[in-house]
Amino acid sequence: MEGLNLKPSTSNLTPQIMNLFDVYPLNDIEITKASGSNVWDANEQKYLDLYGGHAVISIGHTHPHYVKRLTEQLSKVGFYSNSVKIPLQVQLAEKLGEVSGKKDYQLFLCNSGAEANENALKLASFYNGRKKVVAFTGAFHGRTSLAVAVTDNPKIVAPVNQTENVIFLPHNNEVALEETFKAQGNEIAAVIIEGIQGVGGIKEASKSFLQKIRSLCDEYNAVYIADSVQCGYGRTGLFYSHDYAGVEADVYTMAKGMGNGFPVAGISIAPKFKAWHGELGTTFGGNHLACAAALAVLEIMDQDNLMKNAEEVGNYLIAELKKFKQVIEVRGRGLMIGIELPAELAHVKKELLFTHHIFTGEAKPNVIRLLPALNLTKAHADEFLEAFGKLIN
């Protein structure tokens with residue numbers, strides 16, 4: 001084919017690069033260094049971190065023992081699969097049982113909170129052969145298939161995630177719960193509930209409501225799943241926030257604070273569940289580095305009595321915040337605190353960050369969430385209270 005030019009034209013081509021999938025609204029801040037309850041940006045501006053990367057930083061940034069544990073493990077072996085013995089997993093289970101007070105429970109390790117909840121729900125369905133799950137208004141349990149189906153946010157539930165097996169009930173409504181069990185109790189596999197709703201606005205499940213869940217699950221052989229992904233791991237002053245009710249769940253799910261930033265999650269499973277090979281599984285769950293990170297967190301929590309500190313500093317913060325007349329309501333327990341503000345003070349979170357250099361979280365529409373490290377000091381609490389007072393007065 002004489003004269004045919006097969007070379008592509010370059011006159012209209014522009015250089016192509018891969019971009020990030022734009023799903024996160026970002027603050028124009030790049031964190032380059034972190035220590036304890038402080039972080040620094042690329043301009044060396046120091047910030048007080050009361051957000052903890054969304055309740056993840058439980059023992060403070062770059063804690064020396066944590067760094068040492070991970071570094072030493074990485075120099076030995078970073079990863080091998082669950083096809084071999086990993087003694088660190090056994091050590092982690094023993095330490096978790098000791099610190100959580102649930103020594104007779106069993107541990108399955110995975111990678112994220114959503115995955116923990118997926119496995120808990122799957123385990124429940126295997127246990128009693130049922131399909132229906134009770135969840136509650138305001139709930140957030142994750143973004144994967146079944147975890148998002150039991151999350152009360154239709155916007156993030158894709159058509160493929162939709163199922164008729166989830167029953168949403170009003171939060172803290174014992175009458176609705178009882179009526180649902182009377183009508184459908186023999187079809188209900190599990191009830192899943194956060195001890196304190198995080199995304200839902202720091203709303204605590206009442207003691208009597210959690211006790212009612214326990215009694216109904218016992219009566220109908222359903223599984224009580226305590227989602228402790230954000231509200232657990234010592235954040236409230238108790239290891240699992242659900243412990244406040246004085247009853248035990250069948251399965252506790254955990255993640256965020258478990259690895260202080262290293263991706264690790266797990267479910268703590270009551271002794272009545274009997275495992276069989278292949279029932280649950282994961283490639284990365286319980287790898288050597290994840291276990292080293294999780295062990296370091298528990299060792300520091302235990303050694304430094306961080307649950308007691310979370311309770312004491314949290315109580316102080318809550319008491320002081322309740323003194324501000326402009327605040328509609330202060331909710332939460334320990335170092336999981338929600339500050340509900342009127343609409344005219346919706347700017348406060350942004351000004352805390354960009355004027356006073358303090359990271360906090362939020363829940364819509366106007367709730368500031370405090371989710372700091374469990375070793376937050378009273379001096380840090382006072383730093384926040386001073387800035388907060390200036391903004392709302």
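A quick note: this is a predicted structure, and the numbers were derived from the prediction, not measured.
A 4.5 Å side-chain heavy-atom check between L341 and F324 finds every atom pair outside the cut-off. Using a 4.5 Å cut-off on side-chain heavy atoms (C-beta onward), L109 and C291 make contact. Between I196 and Y244, the closest side-chain pair of non-hydrogen atoms is not below 4.5 Å. R69 is listed as a side-chain neighbour of E299, based on a closest heavy-atom distance under 4.5 Å. T180 is not listed as a side-chain neighbour of L177, based on a closest heavy-atom distance of 4.5 Å or more.
Across Q184 and I167, no two heavy atoms sit closer than the pair OE1-CD1, 3.7 Å. The two residues T32 and D41 come nearest to each other via the heavy atoms OG1-O, 3.2 Å.
Within the structure, every pair that satisfies the ring-ring contact (aromatic ring centres under 6.0 Å, His included) test and touches residues 199-228, not counting sequence neighbours, is listed here: F136-F209, F181-Y220. Sorted by first and then second residue, the ring-ring contact (aromatic ring centres under 6.0 Å, His included) pairs with a member in residues 60-93 read F79-F284; sequence neighbours excluded.
In this structure H357 satisfies the ring pair (Phe, Tyr, Trp, His ring centres under 6.0 Å) test together with Y47, sequence neighbours excluded.
Proximity of the aromatic rings of Y252 and F239 is defined here by a centroid distance below 6.0 angstrom, and this criterion is not met.
Of the N and O atoms on the side chains of N309 and D304, not one donor lies less than 3.5 Å from an acceptor on the other residue.
A salt bridge between K68 and E72 is present, with a side-chain N of the basic residue lying under 4.0 Å from a carboxylate O of the acidic one. The pair D104-K272 does not meet the salt-bridge criterion, since no charged nitrogen lies less than 4.0 angstrom from a carboxylate oxygen. Ion pairing between E386 and K390 holds under the 4.0 Å rule for side-chain N and carboxylate O. Checked for salt-bridge contact, K308 and E311 miss the test: no charged N lies under 4.0 Å from a carboxylate O. Ion pairing of E98 with K95 is present here, as a side-chain N (NZ or NE/NH1/NH2) and a carboxylate O approach within less than 4.0 Å.
V348 is not connected to I328 by any chain of hydrophobic side-chain contacts under 4.5 Å among Ile, Leu, Val, Met, Phe, Trp and Tyr, and they are in different clusters. Placement of I59 and Y233 within a single hydrophobic cluster is found when ILVMFWY residues are connected by side-chain heavy-atom separations under 4.5 Å, directly or transitively. Cluster annotation: V297 is connected to L92 through the hydrophobic network of ILVMFWY side chains, with a link wherever side-chain heavy atoms come within less than 4.5 Å.
Here the straight-line distance linking atom CD of E383 with atom CG of L48 works out to 4.5 Å at 0.5 Å rounding. Taken to the nearest 0.5 Å, the CG atom of L374 stands 9.5 Å off from the OG atom of S37. Of the inter-residue distances, the one linking E174 atom CD with K212 atom NZ reads 6.0 Å to the nearest 0.5 angstrom.
Atom CD of E44 sits in a sparse spot, with 12 or fewer heavy atoms from other residues, nucleotides or ligands closer than 6.0 Å.
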